Amino acid sequence: MAAVTYELIKTCKQTGARLGRVHTPHGSIDTPTFMPVGTLATVKGMSSEELKEINAEIILSNTYHCYLRPGQDIVKQAGGLHGFMNWDRPILTDSGGFQVFSLSGLRKITEEGVIFRSHIDGSKHTFTPESVMGIENDLGADIIMAFDECAPYPAEYDYVKKSMERTTRWAMRCKEAHKDTERQSLFGIVQGGMYKDLRIESANQLKDLDFPGYAIGGLSVGEPAELMYEVLDYTAPLLPADKPRYLMGVGTPNYLIEGVLRGIDMFDCVLPTRIGRNGTVLTSRGRVIIRDAKYSRDFSKLDPDCDCYVCRNYSRAYIRHLLKCGELLGLRLTSWHNLYFLINLMKQVRQAIMDDRLGSFKDEFYLKYGYTK
RNA sequence: GGGAGGGUUCCCGAGCGGCCAAAGGGGGCAGACUGUAAAUCUGUUAUCUACGAUUUCGAUGGUUCGAAUCCAUCUCCUCCCA
């Protein structure tokens, strides 16, 4: 039996969205779910205990970053990421495939793998599907991602096709190299850019490899929202209904809801922590750039409808003051609130599915948030 | 009392006859942020009846076609010697 399994609980009668549960060696996750990103074995600004306080059920970490610092051997010796960062709930590690995209100026792709230059000291490193599986095994996450190439947008058909086919070959090699299936589950990643036939081909090829879960990668890389929805419309249904579906790198409140409506179970994104550190907070009435001068005397809470720790205790004016002064607490409080906002949004989404009213929930949410559609 | 150096746009600080509304920081204001090279990045920051015009570089007067830049006086600050 695979380390990670998916249990479908019910589908929303109004929209067809699915409510489920992902079972892992470190406990179960209610889906749809949002996973905070903790690239360097830390969700920036948040302790593991605080993540529990906001009901984070699973977090993400990253192969490339943890390999460079502190090195997977140290993490392994600490008892894997779970022991190292004192987090006893599920963890997912990304493979470094996204860094193939984001560090495009510092790497070279070959059939064998990717030669990286460290963004820290410029030193040269090689990642192959096999080496990545070794690192991810040492990191010890419950869910590990296959080593893929996240193609840029826009990209030529021929390039995306070659990239996608190579990603499939790498997925086969990953599966071959991944032995610890009792403790970890390896998810495949569908690529294919914005090309329908490539997405179909990718999904079918990966399905044949029978992974315990599937991710859709290569989206939210700068393409228009409508295009992403279109790709999801035809890609998500191709994935096995009895396995979890993970949309990588998404995102904003509307992307999450639109993703769930299209059958996605898992999401991750740096957005809440990053925009939080940069002075923007998510609220039920839309984004608020809390750093702006107009909030200097606003002693109300970040979001009038929020009951998170931050909103229960601190005002907009105070948090703005902290941010303007570069105080660490400001970054922490905005990150905290934003993470809570998305995790709580997914909780409401799950309840709406349970009540067969996700479509209505979406309309109400969008109206209040200020989305035009 | 004697000597030396200096006062530049919100702040610090370059500029040392025209290419200066004046470098560069900082601060302010605004925007971006989507599997984290991000506590980052971008724009903007004299005034106006703004693709042009007007007033700025301690004050006043002068030299010059032209001055933040040269000269004189005044004023204020810093340092050194008594």
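In what follows, chains carry the letters A, B, and so on, assigned in the order in which the sequence lines appear, proteins first and then strands, with residues in each chain numbered from 1. Here the structure is a predicted model, which is why all the values come from computation and not from measurement. Just the heavy atoms: all of them, side chains too, but no hydrogens, waters or symmetry mates, feed the values below.
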Query raised in the report: B/A37 phosphate, OP1 or OP2: any side-chain N/O from A/S102 under 4.0 angstrom?
Result: yes

Requested in this report: Decide whether A/D73 and A/Q77 meet the rule of one side-chain donor and one side-chain acceptor closer than 3.5 Å.
Outcome: no

Requested in this report: Return the nearest nucleotide to the side chain of A/R277; candidates are B/C29, B/U36, B/C33.
Outcome: B/U36

Report task. Give the minimum heavy-atom separation between A/E149 and A/R107, together with the two atoms involved. Result -> OE2-NH2, 4.4 Å

Query raised in the report: What nucleotide, of B/C33, B/G35, B/C29, holds the atom closest to the side chain of A/K324?
Result: B/C29

Query - Interatomic distance where CG belongs to A/N62 and P belongs to B/U34 [whole Å] - result: 15 Å

Requested in this report: Tell me which nucleotide among B/G31, B/A37, B/G35 gets nearest to the side chain of A/I289.
Outcome: B/G31

**Report entry** Rounded P spacing from B/A4 to B/C71 in Å
**Finding:** 15 Å

**Report entry** Complementary nucleotide of B/A4, counting Watson-Crick and G-U pairs under 3.5 Å
**Finding:** B/U78

Report summary line: Taking B/U34, B/C29, B/A37 as options, the one with an atom nearest any side-chain atom of A/A293 is B/C29

Query raised in the report: Expressed as a whole number of Å, how far does the P atom of B/C57 sit from that of B/U8?
Result: 11 Å

Query raised in the report: For A/L271 and B/A32, what is the distance between atoms CG and C1' respectively, to the nearest whole Å?
Result: 11 Å

**Report entry** Integer angstrom distance from the C1' of B/G28 to that of B/G61
**Finding:** 38 Å

**Report entry** Watson-Crick or G-U counterpart of B/C19, or none if no pair lies under 3.5 Å
**Finding:** none

Requested in this report: Consider the side chain of A/D292, meaning its heavy atoms from C-beta on, and name the nucleotide among B/G35, B/G31, B/U34 that approaches it most closely.
Outcome: B/G31

**Report entry** Proximal nucleotide (of B/U34, B/C33, B/A38) relative to the A/Y255 side chain
**Finding:** B/U34

Query - side chain to side chain contact (heavy atoms under 4.5 Å, CB included), paired with A/L139, selected from A/N62, A/I144, A/V75 - result: A/V75

Query raised in the report: Which atoms form the tightest heavy-atom contact between A/D210 and A/K175, and what is the distance?
Result: O-NZ, 3.6 Å

Requested in this report: Look at A/T39 and B/U36 and indicate whether a side-chain polar atom (N or O) is within less than 4.0 Å of OP1 or OP2.
Outcome: yes

Query raised in the report: How far does the C1' atom of B/C10 sit from the matching atom of B/G5, given to the nearest Å?
Result: 26 Å

Requested in this report: Write down the distance between NZ (A/K44) and C1' (B/C33), rounded to a whole number of angstrom.
Outcome: 14 Å

Query raised in the report: Which heavy atom of A/V160 sits nearest a heavy atom of A/G192, and at what distance?
Result: CG1-C, 3.3 Å

Requested in this report: Please say which of A/D148, A/T168, A/T167 ends up in a side chain to side chain donor-acceptor pair (under 3.5 Å) with A/Q191.
Outcome: A/D148

Query raised in the report: When the P atoms of B/C29 and B/A46 are considered, how many whole Å apart are they?
Result: 16 Å

**Report entry** Pairing partner (Watson-Crick or G-U wobble, both distances under 3.5 angstrom) of B/A72
**Finding:** B/U60

Query raised in the report: Taking the P atom of each, how far is B/C41 from B/A53, in whole Å?
Result: 37 Å

Query raised in the report: Any idea which of B/A39, B/G35, B/C33 is nearest the A/I189 side chain?
Result: B/G35

Query raised in the report: What closest approach, in Å, do A/Y159 and A/P152 show between heavy atoms, and which atom pair accounts for it?
Result: CE2-CD, 4.1 Å

Query raised in the report: Can you find an N or O donor on one side and an acceptor on the other, under 3.5 Å apart, linking the side chain of A/R291 with the base of B/G31?
Result: yes

Report task. Return the minimal non-hydrogen interatomic distance between A/K44 and A/L40, and the atom names on each side. Result -> NZ-CD1, 4.4 Å

Query raised in the report: Among the nucleotides B/C33, B/A37, B/U34, which one has an atom lying closest to any side-chain atom of A/N278?
Result: B/C33

Report task. In whole angstrom, give the distance that lies between atom CE of A/M248 and atom C1' of B/U36. Result -> 13 Å

Report summary line: Across every strand shown, the nucleotide meeting Watson-Crick or G-U wobble geometry with B/C33 (both distances under 3.5 Å) is none

Requested in this report: Side chain of A/L328 only, please: which of B/A39, B/A37, B/G35 is the nearest?
Outcome: B/A39

**Report entry** Spacing of the C1' atoms in B/C77 and B/G24 (rounded, Å)
**Finding:** 25 Å

Query - Rounded interatomic separation in angstrom, taking CG from A/N338 and P from B/U34 - result: 14 Å

**Report entry** Nearest-angstrom distance, P atom, B/A68 to B/G18
**Finding:** 11 Å

Requested in this report: For residues A/Y366 and A/Y369, establish whether the separation of their ring centroids is below 6.0 Å.
Outcome: no

Query raised in the report: When you measure from the centre of the six-membered ring of A/F299, is the NZ or CZ of A/R316 under 6.0 Å away and within 45° of the axis?
Result: no

Query - Members of residues 153-179 of chain A that approach RNA chain B, where some heavy atom sits under 4.0 Å away - result: none

Requested in this report: Tell me the partner of B/G24, counting only Watson-Crick (N1-N3 plus N6-O4 or O6-N4) or G-U wobble (N1-O2 and O6-N3) with both under 3.5 Å; none if nothing fits.
Outcome: B/C12

Report task. Please state how far atom CD in A/Q99 lies from atom C1' in B/G35, giving the value in whole angstrom units. Result -> 8 Å

**Report entry** A/L103 CG - B/G35 C1' separation (whole Å)
**Finding:** 13 Å

